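Below: the structure, in C-alpha cells.
Side chains included, hydrogens not; waters and symmetry mates left out as well; all remaining heavy atoms used. All values derive from a computational prediction rather than experimental measurement. We name chains A, B, ... by the order of the sequence lines, and we start the count at 1 in each one.
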There are 2 protein chains.
Amino acid sequence: MPAPTAPLTLASEDEATAPPTDAMLREGAELMFFGYRSFTRDPDQILAERDYGRAHHRALHFIGRQPGISVAGLLDILGVTKQSLARVLKPLVDHGLVEQRVGTNDRRKRLLFLTDEGRAFEERLSDPQRARLLRAFREAGPEAVDGFRLVMTAIMDADERKQANAYMDGAKAR
Amino acid sequence: MPAPTAPLTLASEDEATAPPTDAMLREGAELMFFGYRSFTRDPDQILAERDYGRAHHRALHFIGRQPGISVAGLLDILGVTKQSLARVLKPLVDHGLVEQRVGTNDRRKRLLFLTDEGRAFEERLSDPQRARLLRAFREAGPEAVDGFRLVMTAIMDADERKQANAYMDGAKAR
DNA sequence: CGATTTATGTCAGCGATGTTGACATAAATC
DNA sequence: GATTTATGTCAACATCGCTGACATAAATCG
C-alpha cells in the first residue's frame, strides 16, 4: 500500500466525486440486459425466418467489415471454437452468402468475402439495428454517445479492450 | 411536415450537431457486442463449474431483486416461455437456491424467494460483474455514466423502455 | 529432403437455452 | 357449475456453444 497521506474524508481526484452506489451498479447490470436484448431483437426476428441465428449475423457482420479476413482471424474476433464457427460458416458458404478464396501469399488460408447476396442479407439484418442506434444516438445527444462509448470500452478487460480497439481501428482505416 | 423554414445547411436543434455517421453506428454495434461479452464473462465462468448457465443467473438476479415475484411476473421480465423458465427454475428449487411459497391472496400463485444459499450464490455471480461496472463507472466518470444510461435506455423500444423503467423503479422503491 | 508446424475442415457427442404444441391441476371468478 | 387464470409438465426440435479426435494440404524448419 502507498503512504496514506489522503484525509479520511473522500476527495478522490479533483472534486469530491460521489462513488457509484450499489443501486447504480444493479441498475447498470439491468440496463445491459434490457438494452442488449432490445438491440438484438430486430435481427433475431429476421433470422428466425430462415434457419439462421445470431451467430450467422455476427459472422456476416465481421466478414463484411473486414473482407478477406481469414478463418483464424474470424475465430479470434468471435472467440468461439473452430467447430462452432464451421457450423455457422458452412451453410453461409453453401447458400452463396459467403465466398472463400485461397490466399495468394499463404495458400493454406481461406479468405472470406461476402457475395452480393451476402452483403444484401447482412444489410437487411443490420439496417434495423443501425436505425435503432441512430435514433438512440440522436435522442441521447453527442455527449451521451461519448459517455456510452467510454463506459462500454471501460467494461472490457485490458486485453479485450485492446482486441476490440485494434479491430475497430483496423476496420476504420480501410 | 412543418413549414421548412430551416436553411439547407444542417442546423438541427440549437447548434449544428453533426449527425452520427455510418462508421459511428457500426462502431456502436461492435461496442454492444464486445461490451456485452466482457460483461457476461465472469459469471459465465463461475456458472460453468456447476450445471448452470446464464439463464440461471438471470432468474436468481431478478428473484433477488424482487423477492416474492410470481412465476408470471418473472416470465414477463425475462421474456421467455413458461417451459424455458421451468427448466431453469426447477433445478434452482430442487437444489435449494430458490423457495416457492403459495400466495396468500391468490393461492394459485407461487411466489419466489431466494434462500440464504441462493442469495450467497447470486452474490458470488454478481460480485465480479458489479466490480467490473464499478471500475468502468469510476474510470469513465459520472457524466459518461449518465450518457451510458441515456443511450442504453434510448436503444429500447417504447414498450421495452416502459417495462424496464417500471421494473427498475419498482425495485428501487423497495 | 524429410519432419514438424500451421491453417483449415470434419465427425461424433454433449449441454444449455430457447421454441411450439398439448395436456393436467388447482384455485379464482363469472 | 362453467370458465378463466396460474402453474406445471411431457415431448420434440433448433441454435449455439463445448470437447476430443482425426484428416489434409501447405508452409516452414533442420
Nucleotide of [options] approaching [X] most closely (side-chain heavy atoms):
X     : options                : result
B:R87 : D:dG17, D:dG8, C:dG18  : C:dG18
B:T81 : C:dA22, C:dT20, D:dC16 : C:dT20
A:H56 : C:dT19, D:dG17, D:dC16 : D:dC16
A:Q83 : D:dC16, C:dA12, C:dT17 : C:dA12

Check: A:K90 side chain, C:dG9 base, donor-acceptor under 3.5 Å: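 Flag unset: no donor-acceptor pair detected.
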Heavy atoms under 4.0 Å, any strand shown: does A:R50 hit a base, just sugar-phosphate, or nothing?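 Contact class for A:R50: none.
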Over all strands shown, is B:G73 touching base, sugar-phosphate only, or nothing at heavy-atom distances under 4.0 angstrom?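 Nothing, no nucleic acid heavy atom in range.
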Taking the side chain as every heavy atom from C-beta outward, state whether A:S38 and A:R132 have any atom pair closer than 4.5 Å.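 Result yes, sub-4.5 Å side-chain heavy-atom pair found.
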Measuring only between side-chain heavy atoms, which start at C-beta, is A:H56 closer than 4.5 Å to A:L92?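 In short, these two side chains touch, coming nearer than 4.5 Å.
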Pair B:L85, B:L78 - check side chain to side chain contact (heavy atoms under 4.5 Å, CB included), show working. CA-CA 9 Å; B:L85 180 58; B:L78 295 175; 3.9 Å; yes
Stems in DNA chain C: runs of 3 or more consecutive Watson-Crick or G-U pairs, distances under 3.5 Å?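 The stems that DNA chain C takes part in, listed by first number, are C:1-30 with D:1-30.
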Take B:R110 and B:R101 through the side chain to side chain contact (heavy atoms under 4.5 Å, CB included) test and state the conclusion after the steps. CA-CA 5 Å; B:R110 297 298 127 91; B:R101 297 187 208 149; over 6 Å; no
Yes or no on side chain to side chain contact (heavy atoms under 4.5 Å, CB included) for A:D116 and A:R119, after CA distance, side-chain angles and deciding distance? CA-CA 5 Å; A:D116 289 345; A:R119 202 178 339 274; 3.5 Å; yes
Does the side chain of A:E117 pick up a donor-acceptor pair with the side chain of A:H95 at under 3.5 Å?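 No, no side-chain donor-acceptor contact under 3.5 Å.
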Can you measure [X] atom [atom1] to [N] atom [atom2] for me and round it to whole angstrom units?
X      : N      : atom1 : atom2 : result
A:I69  : C:dT8  : CD1   : C1'   : 15 Å
A:E49  : C:dT19 : CD    : C1'   : 16 Å
B:Q100 : D:dT9  : CD    : C1'   : 13 Å
B:L92  : D:dG8  : CG    : C1'   : 16 Å
B:L89  : D:dA6  : CG    : P     : 17 Å
B:D44  : C:dG15 : CG    : P     : 18 Å
B:D51  : D:dC18 : CG    : P     : 17 Å

On a heavy-atom basis, which atom in A:P91 and which in A:V88 lie closest, and how many Å separate them?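 For A:P91 and A:V88, the tightest heavy-atom pair comes out as CD-O, 3.3 Å.
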Minimum heavy-atom separation for B:H57 and B:S126, please, with both atom names.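 Minimum heavy-atom separation between B:H57 and B:S126: NE2-OG, 3.3 Å.
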Tell me, which of residues 103-113 of chain A have any heavy atom that sits under 4.0 Å from an atom in DNA chain D?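 Heavy-atom contacts with DNA chain D come from A:N105, A:D106, A:R107, A:R108.
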Between A:D22 and A:R26, does any NZ, NE, NH1 or NH2 come within less than 4.0 Å of an OD or OE carboxylate oxygen?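 Looking at A:R26 and A:D22, the cut-off is met.
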Looking at C:dT17, I'd like to know if its phosphate oxygens (OP1 or OP2) sit under 4.0 Å from a side-chain N or O belonging to B:S84.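 For B:S84, the contact criterion (side-chain N or O under 4.0 Å from OP1 or OP2 of C:dT17) is not met.
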A:F33 and B:F62: aromatic ring centres closer than 6.0 Å?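 When the ring centroids of A:F33 and B:F62 are compared, they turn out to be within the sub-6.0 Å range.
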